[in-house]
Amino acid sequence: MATRHLARSIVLQSLYEWDFGNRTRDLVKIVERNMEEFGPGINEPEFVWKMVHGIIEHLGQIDEVIGTSAVQWPFDQIALVDRNVLRIGVYELLYVDKDEVPYKVAINEAIELAKNYGGVNSGKFINGVLGTVFKQLQEVTPFTPTPQQKE
């Protein structure tokens, strides 16, 4: 498993556990335990921490984007796994440098997380919501693909 995919899996598992506990548990301790258990020797631990801190810092905005982009589903009715996969995907679409994580990579990684950890239709659901977010981003900031994205 690629190290960044593993890092995203650890972030997902940590956010899920934190969210499942109504956000009352210590997220830092959850992440530390999950990194130790699922990612010993991970070569980019800073990637995990950057994502966790970024998602938490922008949680209100991220959840608002999810709520307005998943119009068929009230936010609190989105499955917990799917909600946290969407948080990762939306965070990467909105707040991460596109040279580091291109749009296509952010969307594909979120879909893979959904397929691995979510329900039968989670991949399609995540694809639809993140596709809507991407489309809205393009209306605000036209997409100019990098040479890697043109492939």
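Model, not experiment: these values are computed from the prediction.
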Presence of salt bridge, Asp19 and Arg87, under 4.0 angstrom:
yes

Please work out whether the ring planes of His58 and Tyr95 are parallel, tilted or perpendicular, with thresholds of 30° and 60°.
parallel

Once salt bridge (Lys or Arg N to Asp or Glu O under 4.0 Å) is applied, do any residues pair with Glu64, and if so which ones, sequence neighbours excluded?
none

Closer than 3.5 angstrom, by distance alone: can the side chain of Arg83 be matched with the main-chain N or O of Ile78 as a donor-acceptor pair?
yes

How long is the span from the CG atom in Leu137 to the CG atom in Leu94, to the nearest 0.5 Å?
5.5 Å

Pairwise distance OG(Ser14) to CG(Asn34) - rounded to 0.5 angstrom:
4.0 Å

Is the shortest distance from a Lys or Arg side-chain nitrogen in Arg23 or Glu17 to a carboxylate oxygen in the other one below 4.0 Å?
no

Establish, from distance only, whether the side-chain atoms of His5 and Glu109 form a donor-acceptor pair under 3.5 Å.
yes

What's the shortest heavy-atom distance between Val101 and Val105, and which atoms?
CG1-CG1, 4.1 Å

Phe75 atom CZ, over 12 foreign heavy atoms within 6.0 Å
yes

Answer whether the closest heavy-atom distance between the side chains of Met35 and Pro45 falls below 4.5 Å.
yes

Answer yes or no: are there more than 12 heavy-atom neighbours, outside Glu46 itself, under 6.0 Å from its atom CD?
yes

Work out which heavy atom in Gly89 is nearest to a heavy atom in Ala110; give both atom names and the distance.
CA-CB, 4.2 Å

Taking it one step at a time, do Phe20 and Arg25 satisfy side chain to side chain contact (heavy atoms under 4.5 Å, CB included)?
CA-CA 9 Å; Phe20 186 80; Arg25 300 184 61 206; over 6 Å; no

Can you confirm whether more than 12 heavy atoms, excluding those of Glu36, are under 6.0 Å from its CD atom?
no

Could you tell me whether the side chain of Ser9 reaches within less than 4.5 Å of the side chain of Tyr117, counting heavy atoms only?
yes

May I ask you to decide if Ile66's main-chain N or O and Ser69's side chain share a donor-acceptor pair within less than 3.5 Å?
no

Close side-chain approach of Val11 and Phe47, heavy atoms under 4.5 Å:
no

Interatomic distance, CG@Asn121 vs CG@Asp82, rounded to 0.5 Å, equals 9.5 Å

Heavy-atom pair of closest approach, residues Asp99 and Asp97:
N-OD1, 2.9 Å

Report the C-alpha distance between Lys98 and Glu92 in whole Å, list the side-chain angles of each, state the deciding distance to 0.1 Å, and finish with yes or no for salt bridge (charged side-chain N to carboxylate O under 4.0 Å, His left out).
CA-CA 9 Å; Lys98 297 309 151 243; Glu92 289 195 304; over 6 Å; no

What's the spacing between Asn108 CG and Ile126 CD1 if we round to 0.5 Å?
13.0 Å

Residue pair Leu15 / Ile56, side-chain heavy-atom distance below 4.5 Å
yes

Within a reach of under 6.0 Å around CH2 of Trp49, are more than 12 heavy atoms found that belong to other residues, nucleotides or ligands?
yes

Side-chain polar contacts of residues 127-135 - donor-acceptor pairs under 3.5 angstrom, sequence neighbours left out - could you list them?
from	atom 1	to	atom 2	distance (Å)
Thr132	OG1	Gly128	O	3.0

Which distance, rounded to the nearest 0.5 Å, do you find between the CZ of Arg8 and the OH of Tyr91?
11.0 Å

Approximate separation, where rounding is to 0.5 Å, of Leu93 CG and Tyr103 OH
7.5 Å

If we only count heavy atoms from C-beta on, is the Trp73 to Phe125 side-chain gap below 4.5 Å?
yes

Taking Glu32 first and then Lys29, would you say they form a salt bridge - that is, a charged N and a carboxylate O separated by under 4.0 Å?
no

